[in-house]
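Okay, structure first, notes after.
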2 protein chains.
Amino acid sequence: MNKQSIIRLSKYKNTLQRLKTLGFVKVFSDNLADALGIRATQVRKDFSQFQITGNKRGGYNIDDLLERILRILGKTNLQKVVLVGLGNMGTALMHYQGFEREGIQIVAGFDIDPAKIGDDGRIPVYAMDNLGDFITKNRIEVGVIAVPDIAAQRALDILVASGIKGVLNFAPIRLRAPEEVPVTNVNLVQEIENIFCLINAARAE
Amino acid sequence: MNKQSIIRLSKYKNTLQRLKTLGFVKVFSDNLADALGIRATQVRKDFSQFQITGNKRGGYNIDDLLERILRILGKTNLQKVVLVGLGNMGTALMHYQGFEREGIQIVAGFDIDPAKIGDDGRIPVYAMDNLGDFITKNRIEVGVIAVPDIAAQRALDILVASGIKGVLNFAPIRLRAPEEVPVTNVNLVQEIENIFCLINAARAE
DNA sequence: TAGATTGTTAATCGATTAACAATC
DNA sequence: TAGATTGTTAATCGATTAACAATC
């Protein structure tokens with residue numbers, strides 16, 4: 001229901017998976033709160049929202065808890081995404097190991113540059129013309145946009161028209177999407193600007 | 001004062017720069033609100049917080065407004081940053097054009113891998129051993145961490161010990177830093193997980 | 001039982017928005 | 001002047017936290 005709590009859900013998951021490798025069997029709201037730097041009440045409130053219950057006195061069973069969270073996060077299956085745009089950022093994302101490790105698979109890349117099209121044996125790269133069809137045929141739910149600003153809205157329109165359900169956008173521009181298609185923006189220039197701004201603000205105090 | 005309003009400040013800046021290229025001379029709180037998808041009162045409240053005033057009836061002069069905002073954002077000078085870790089993400093950031101365009105300059109990269117050390121004529125890459133000295137000597141204020149999880153805390157410690165003022169961290173791990181050094185995290189796996197989660201939540205409703 | 005932990009209700013806090021006086 | 005827009009105060013909203021009853 002609440003976007004913040006969904007983000008925390010993903011963090012609980014990571015913490016739980018680590019605790020599990022350490023041999024932990026149960027966990028208390030207090031433990032998770034410490035790990036995330038929040039309050040224990042918040043943890044219990046979050047779980048309450050998703051109808052996750054624990055045992056008074058006994059905390060939460062990690063296996064049960066993880067299963068519930070993974071189901072809520074939609075992680076019971078492999079999560080397939082397509083990548084649109086193979087510039088610097090796109091290429092880095094393509095090679096980034098972290099996704100596979102978390103059950104996220106980039107199944108195909110798309111670019112207008114013919115030189116980038118082909119299959120190096122890992123992830124195939126197709127021409128932009130094939131984007132719509134690919135999404136429809138393979139029922140892809142999530143697309144990542146890593147094209148230049150000017151091409152971003154066009155890319156999004158194709159994704160939406162082909163039935164995409166959600167988008168992660170790296171182009172530093174506000175995209176127009178129908179309400180039912182969530183678009184999350186990652187703007188790296190802005191992130192760095194914010195840090196300088198925080199530094200400046202601290203200096204001014 | 002408020003982190004949200006600082007982030008918006010950066011967005012106002014982008015919008016204003018675009019309006020300026022279109023030949024606009026003045027702008028109303030309503031215009032900026034539309035551009036950011038927020039309310040006009042919020043825009044005026046933000047400006048009020050930073051002691052930016054406009055003209056009743058006449059809106060805000062774009063040049064004046066931009067100058068004020070750029071000063072608050074610390075954009076009067078070139079913003080120098082160092083990049084620690086030249087894996088996929090680090091390399092992509094190194095080649096990303098968007099920073100230079102906004103007055104952000106990656107002045108050096110650092111990596112443990114000797115094969116990555118050198119100077120291709122654009123941005124020099126040094127051994128990790130030189131990181132601390134470089135920051136101190138060049139009075140670098142912001143560092144970007146793009147090393148693997150396990151190396152991230154160590155990298156941060158060096159940055160902090162050398163007097164860094166703020167950090168952007170791509171390692172998917174919570175780093176411990178002194179309170180006065182803001183650390184902003186970008187976690188791409190988490191961003192994609194959140195999208196899937198939003199999709200799932202929508203389906204459940 | 002005594003102590004510890006959950007789950008929920010009520011209070012608090014902070015950020016956004018509505019309302020409106022000031023004024024160009 | 002009439003109309004439009006700013007700047008601020010007060011109301012609202014949503015999210016976090018404190019308090020505490022339930023109970024293992």
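Order of the sequence lines sets the chain letters (A, B, ...), proteins ahead of strands, with each chain counted from 1. Only this structure's heavy atoms are used, side chains among them; waters, hydrogens and symmetry mates stay out.
- When both distances must be under 3.5 Å, the Watson-Crick or G-U wobble mate of C/dT17 is D/dA10.
- Each of D/dT6, C/dT16, C/dT6 was ranked by its minimum atom distance to the side chain of B/Gln42; first place goes to C/dT16.
- Using a 4.0 Å heavy-atom cutoff across all strands shown, B/Thr41 reaches at least one base atom of the nucleic acid.
- In this structure, A/Ile7 atom CD1 and D/dT16 atom C1' are separated by 15 Å, rounded to whole Å.
- In this structure, A/Arg57 places its CZ atom 15 Å from P of C/dT1, rounding to the nearest Å.
- Using a 4.0 Å heavy-atom distance criterion, A/Tyr60 is classed as a sugar-phosphate-only contact.
- A salt bridge is absent between B/Lys11 and A/Glu193; no separation between the charged side-chain nitrogens and carboxylate oxygens falls under 4.0 Å.
- Using a cut-off of 4.0 Å between Lys/Arg side-chain N and Asp/Glu carboxylate O, B/Glu102 and B/Lys13 are scored as salt-bridged.
- Atom CD in A/Gln49 sits roughly 14 Å away from atom C1' in C/dT9 (whole-Å rounding).
- Separating the CZ atom of B/Phe28 from the P atom of D/dG3 is a distance of 17 Å, rounded to the nearest angstrom.
- Taking atom NZ on A/Lys45 and atom C1' on C/dC13, their separation rounds to 14 Å, with Å as the unit.
- For B/Asp157 and B/Arg176, the salt-bridge test fails: no basic side-chain N is under 4.0 Å from an acidic carboxylate O.
- Side-chain atoms of B/Val189 and B/Pro172, non-hydrogen and from C-beta on, never get closer than 4.5 Å to each other.
- Residue-to-nucleotide contacts include no donor-acceptor pair under 3.5 Å from the side chain of B/Lys56 to the base of D/dT5.
- The nucleotide D/dC24 finds its pairing partner in C/dG3, both defining distances of the Watson-Crick or G-U wobble pair being shorter than 3.5 Å.
- The interatomic distance linking A/Arg39 (CZ) with C/dT6 (C1') rounds to 18 Å, in whole Å.
- Distances shorter than 4.0 Å separate some side-chain N or O of B/Arg44 from OP1 or OP2 on D/dT6.
- Between B/Ile52 atom CD1 and D/dT5 atom P there is a gap of 20 Å when expressed in whole angstrom units.
- If you measure from atom CG of A/Asp30 to atom C1' of C/dG3, you get 15 Å, rounded to the nearest angstrom.
- Look at A/Ser29 and you'll find a side-chain N or O under 4.0 angstrom from OP1 or OP2 of C/dT6.
- Comparing D/dT6, C/dA4, C/dT16 by their nearest atom to the side chain of B/Arg8 picks out C/dT16.
- When each of B/Leu156, B/Val183, B/Val142, B/Leu159 is checked for a side-chain contact (heavy atoms from CB on, under 4.5 Å) with B/Ile164, only B/Leu159 meets the rule.
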